[in-house]
Amino acid sequence: MTEAESEIVTHRRRKLDALRERGEAYPNGFRRRHLAKDLLANYGPASKQELGAQAIGAAVAGRVMLRRVMGKASFITLADPSGRIQCYLRQDDIGADAYEDFKDMWDIGDIAGVVGTLMKTNKGELTIQASEARLLAKALQPLPEKYHGLADQQLRYRQRYLDLVMNEQSRNVFRTRAAVVAALRRFFDARDFLEVETPMMHPVPGGATARPFVTRHNSLDTDLYLRVAPELYLKRLVVGGFERVYEMNRCFRNEGLSPRHNPEFTTIEFYQAFADYEDLMVLTEGLLRWLLTELEMEQTISFDGHEIDFGQPIPRRAMTVAVAEAIGVEEKDLKDAAKLRNIAGGLNIAIEDSWGSGRLLMEIFEARVEENLIQPTFITGYPAEVSPLSRRNDEDPSITDRFELFVAGREIANGFSELNDPDDQAARFRAQAALKNQGDLDAMHYDQDYVTALEYGMPPTAGEGIGIDRLVMLLTNCTTIRDVLLFPQLRSVPQSSPRQGSPRQESRS
RNA sequence: GGGUCGUUAGCUCAGUCGGUAGAGCAGCGGGCUUUUAACCCGUUGGUCCUGGGUUCGAGCCCCAGACGGCCCA
């Protein structure tokens with residue numbers, strides 16, 4: 001803690017001490033009767049004369065954001081969850097003692113309640129002329145600069161509450177996020193999908209090719225893995241007869257941090273029996289359009305300098321077609337492992353000897369095509385080699401009935417007709433296990449319990465996962481995932497927080 | 001893991017050629033009864049991220065480290 005800060009805090013502590021002595025430190029009796037937004041909506045259009053004649057009462061509460069003291073009268077700007085409202089405090093209205101109190105004891109950042117009547121200032125701003133003003137919670141720490149807000153990215157993430165207090169844009173991102181989550185629930189609930197919760201701690205990690213976090217269950221004396229995906233559990237439920245299920249919650253992957261990756265992130269996965277991957281592409285396209293409508297957004301959105309149009313039918317392109325076009329080779333050469341190896345080498349893509357043609361094609365796709373898929377595009381025909389849970393295509397068993405949706409160079413969704421042949425699934429797991437034995441840390445484990453579930457019979461099914469964080473990024477024009485996560489993962493600062501000594505937290509669980 | 005850029009007052013930011021550290025806001029004192037990023041006068045406040053090094057002298061140059069941004073693996 002620096003001397004300068006402790007000086008500000010010391011001043012504020014003195015005021016708090018005085019409030020404590022008077023027994024007025026943290027009262028909890030004030031009741032808000034109005035939100036700023038409602039007052040502005042209902043009375044903002046009224047004229048100064050109309051309001052002056054009516055004497056409409058109001059009681060608001062919020063954080064003091066701005067303060068303008070002019071001798072024996074002052075204006076303060078209160079922020080509540082709905083917006084901001086100005087209050088006018090006059091010595092003649094609230095009394096000399098209360099007014100002195102306001103001047104001596106209140107600071108920007110304090111939580112206060114104001115009761116009074118509505119008025120319009122000479123400049124036409126709706127204002128509450130106070131008859132009573134109460135300090136409800138003293139802020140000991142000063143707020144960031146009132147005009148620029150909190151700009152330091154690190155502080156914005158580490159002390160998100162300050163970011164939320166100061167930056168309207170940041171608040172709006174998380175409101176949009178909540179609206180997206182709520183809308184998705186409405187969408188699937190309306191289509192008779194059952195929302196379920198499956199384990200986050202898995203005895204065998206599965207459902208995606210990714211490194212898991214490991215944790216320890218003491219009394220079971222066993223390792224458990226934080227889930228990398230809920231997929232295998234959701235399909236067990238389809239076996240059980242819940243033919244339409246969805247789960248929207250956290251997944252965990254033990255990977256590096258980047259503008260697009262956080263170790264914990266949110267997905268919605270949904271499964272629908274008696275549907276295939278083409279049905280899901282239709283559903284996804286409709287879902288996105290419907291979502292934009294629900295959010296009262298245009299079908300064309302701005303993201304990272306691009307205008308992205310969801311109003312058009314989303315094109316579907318086979319991976320081989322997209323790759324062949326991007327790098328200027330014949331499509332037929334993309335089935336041949338030796339030729340793919342040459343192509344990858346020529347493109348300076350790092351490859352491994354164990355990879356077959358499917359993995360090679362996928363790597364070339366990721367290196368040369370993905371980032372250029374700006375407008376919404378379904379890529380289909382994913383190689384079976386990189387799709388261990390997907391149903392093989394009837395015409396070409398080397399590929400699967402799978403798609404991924406790309407927008408602005410980012411994977412947004414991944415869906416496929418589910419592999420419900422237990423013997424093929426067992427073979428795919430064996431191939432993954434072999435890769436794992438060769439040192440591929442991302443490869444899947446053999447999940448015998450899941451194979452057994454398939455042996456009881458899973459109806460033909462299609463399933464899909466959509467990355468909520470990435471979807472919200474698109475809809476809020478955020479290019480880093482940290483901006484759509486309230487508390488993104490950062491390296492912990494050991495000694496003390498950047499601003500002050502570490503706050504003592506009481507657990508409430 | 002590698003490269004690169006950044007870290008200066010509580011916050012937002014300047015800081016020249018290496019010559020003893022600045023502004024605005026916030027704070028403190030004073031003035032002001034329709035201001036609005038209020039204004040006017042005065043004023044406090046610095047581990048220049050940390051630790052070494054070079055130098056008569058380092059916010060600035062060199063080395064190492066911490067944290068963060070971006071790019072690559």
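Below, chains carry the letters A, B, ... as their sequence lines are ordered, and counting in each starts from 1.
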Check your understanding: Hey, which of A:Asp110, A:Asp107, A:Asp104 is the one that makes side-chain hydrogen bond (donor to acceptor under 3.5 Å, both in side chains) with A:Lys15?
Key -> A:Asp107
Exercise for review: Take atom NE2 of A:His148 and atom C1' of B:rG24, then tell me their distance rounded to the nearest Å.
Suggested key: 8 Å
Check your understanding: Are any of A:Lys103's side-chain N or O atoms less than 4.0 Å away from OP1 or OP2 of B:rG31?
Key -> no
Exercise for review: Please measure how far the P atom in B:rC56 lies from the corresponding atom in B:rU12, and state the result in whole Å.
Suggested key: 39 Å
Review point. Do A:Gln86 and A:Thr121 touch side chain to side chain, with heavy atoms closer than 4.5 Å?
Key: yes
Review point. A:Met119 near the nucleic acid: base, sugar-phosphate alone, or nothing, with a heavy-atom cut-off under 4.0 Å?
Key: base
Exercise for review: Could you work out the separation of B:rC60 and B:rG2 based on their P atoms and round it to a whole Å?
Suggested key: 25 Å
**Study point:** Side-chain ion pair, A:Glu404 and A:Arg402, N-O less than 4.0 Å
**Key:** yes
Check your understanding: Counting only non-hydrogen atoms, which of residues 85-98 of chain A are less than 4.0 Å from RNA chain B?
Key -> A:Gln86, A:Tyr88, A:Arg90, A:Asp92
Check your understanding: Touch check for A:Lys146, heavy atoms < 4.0 angstrom, all strands: base, sugar-phosphate only, or nothing?
Key -> sugar-phosphate
Practice item. Could you give the distance separating B:rG6 and B:rG59 at their C1' atoms, to the nearest angstrom? Key: 14 Å
Study note, to complete from the structure: Among the nucleotides B:rC67, B:rU33, B:rC28, whichever has the atom closest to the side chain of A:Arg158 is B:rC67
Check your understanding: Can you name the ring-ring contact (aromatic ring centres under 6.0 Å, His included) partners of A:Phe378, sequence neighbours left out?
Key -> A:Phe403
Review point. Looking at side-chain heavy atoms only, is the closest gap between A:Ile343 and A:Leu334 below 4.5 Å?
Key: yes
Considering only nitrogen or oxygen atoms on both sides, find all protein atoms under 3.5 Å from nucleotides 71-73 of chain B and state each distance.
none

**Study point:** C1'-based separation of B:rA21 from B:rG57 [nearest Å]
**Key:** 15 Å
Review point. What is the pairing partner of B:rG10, taking Watson-Crick or G-U wobble pairs with both distances under 3.5 Å in any strand?
Key: B:rC25
Review point. When you compare B:rG46 with B:rA9, how far apart are their P atoms, in angstrom units rounded to a whole number?
Key: 11 Å
Exercise for review: Give a yes or no on this: more than 12 heavy atoms of other residues, nucleotides or ligands lie within 6.0 Å of atom CZ of A:Arg216.
Suggested key: yes
Revision key, fill the gap. Closest of B:rC13, B:rC11, B:rC32 to the A:Ala151 side chain is B:rC13
Review point. Residues two or more places apart in sequence or in another chain: which of them pass salt bridge (charged side-chain N to carboxylate O under 4.0 Å, His left out) with A:Arg317?
Key: A:Glu325
Point to revise | Residues from residues 35-68 of chain A lying under 4.0 Å of RNA chain B - heavy atoms | key: A:Lys48, A:Leu66, A:Arg68
Review point. At under 4.0 Å between heavy atoms, what does A:Arg482 touch on the DNA or RNA strands: base, sugar-phosphate, or nothing?
Key: sugar-phosphate
Revision key, fill the gap. Those residues at least two apart in sequence (or on a different chain) that pass ring-ring contact (aromatic ring centres under 6.0 Å, His included) with A:Phe265 are none
Practice item. With C1' as the reference atom in both, quote the distance from B:rG22 to B:rU16 in angstrom, rounded to an integer. Key: 13 Å
Point to revise | Distance between C1' atoms of B:rC40 and B:rC32 (Å, rounded) | key: 9 Å
Review point. Nearest to the side chain of A:Met70 - B:rG45, B:rA38, B:rC11?
Key: B:rA38
Point to revise | Span that lies between the P atom of B:rG29 and that of B:rA66, in whole angstrom | key: 44 Å
Exercise for review: Counting Watson-Crick and G-U wobble pairs only, both distances under 3.5 Å, name the nucleotide matched with B:rG51, or none.
Suggested key: B:rC63
Practice item. Could you check how far CG of A:Leu162 sits from P of B:rA26, rounded to whole Å? Key: 17 Å
Check your understanding: side-chain hydrogen bond (donor to acceptor under 3.5 Å, both in side chains) with A:Tyr157: which of A:Asp483, A:Asp152, A:Asp163?
Key -> A:Asp483
